[in-house]
Amino acid sequence: ALDRATAEKYDTVLVDTSGRLSNNDALNAELVKMKNVIKKRLSVESDADGKPILNDAVPHETLLVLDAAQGRMALDSAKVWNSEVGLSGLILTKLDGSARGGSVVAISRELSLPVKLIGVG
């Protein structure tokens, strides 16, 4: 997907890694690896040996998508992913039901992350 996006000069590439649990170290390591591959593939400089230098300007966003019904576990998960992968913001989904999305407020405050999108309906 990244090759095609680069070749065809796409503005945006979305990588959906849904279904991961923050307590699964192997899957978290995959997230870190994916982020580093993106940084390497989109590098703009090389070192003295010709190896690409990781481009820390990409990815531009690393967003955590939260279900409005998630509770305390969401904060614990967000802390793990923020420390391992580095989050830039939050997306809150399913706010049209009876859930109030209180966990996103706690996460936003504790980790200083903005809520970028809210999904309803």
Would a single hydrophobic cluster contain both [Y] and [X], if residues Ile, Leu, Val, Met, Phe, Trp and Tyr are joined by side-chain heavy-atom contacts under 4.5 Å?
X    : Y    : answer
I118 : V105 : yes
Y10  : I38  : no
L66  : V80  : no
W81  : L27  : no
L92  : L113 : yes

Verify, without hydrogens or angle tests, whether [X] (side chain) and [Y] (backbone) share a donor-acceptor contact under 3.5 angstrom.
X    : Y    : value
S77  : A74  : no
S108 : V115 : no
D47  : D49  : yes
K35  : V85  : yes
S88  : T62  : yes

Which pair of non-hydrogen atoms, one from A78 and one from I107, has the smallest distance, and what is that distance?
CB-CG2, 3.7 Å
Specify the closest pair of heavy atoms between N55 and S43, including all atoms of both residues, with the distance to one decimal.
CB-CA, 3.8 Å
I'd like to check L2 versus L42 (side-chain heavy atoms, cut-off strictly below 4.5 Å). Are they in contact?
yes
Between L75 and E110, is any pair of side-chain heavy atoms under 4.5 Å apart?
yes
Going by chain and number, the hydrophobic cluster around I53 (ILVMFWY, side chain to side chain under 4.5 Å) further includes none
Apart from L63 itself, what residues make up its hydrophobic cluster when side-chain heavy atoms of I, L, V, M, F, W and Y under 4.5 Å apart count as a link, directly or indirectly?
V65, I91, L117
The criterion is salt bridge (charged side-chain N to carboxylate O under 4.0 Å, His left out); which residues satisfy it with R109, sequence neighbours excluded?
none
Salt bridge (charged side-chain N to carboxylate O under 4.0 Å, His left out) with E45: which residues, sequence neighbours excluded?
none
Can you name the one residue among N36, L31, V37 that meets side chain to side chain contact (heavy atoms under 4.5 Å, CB included) with M34?
L31
Does anything in residues 55-65 form a salt bridge (Lys or Arg N to Asp or Glu O under 4.0 Å)? List the pairs, not counting sequence neighbours.
K39-D56, E61-K116
Kindly write out the residues that satisfy side-chain contact (heavy atoms from CB on, under 4.5 Å) with S83, not counting sequence neighbours, or none if the list is empty.
none
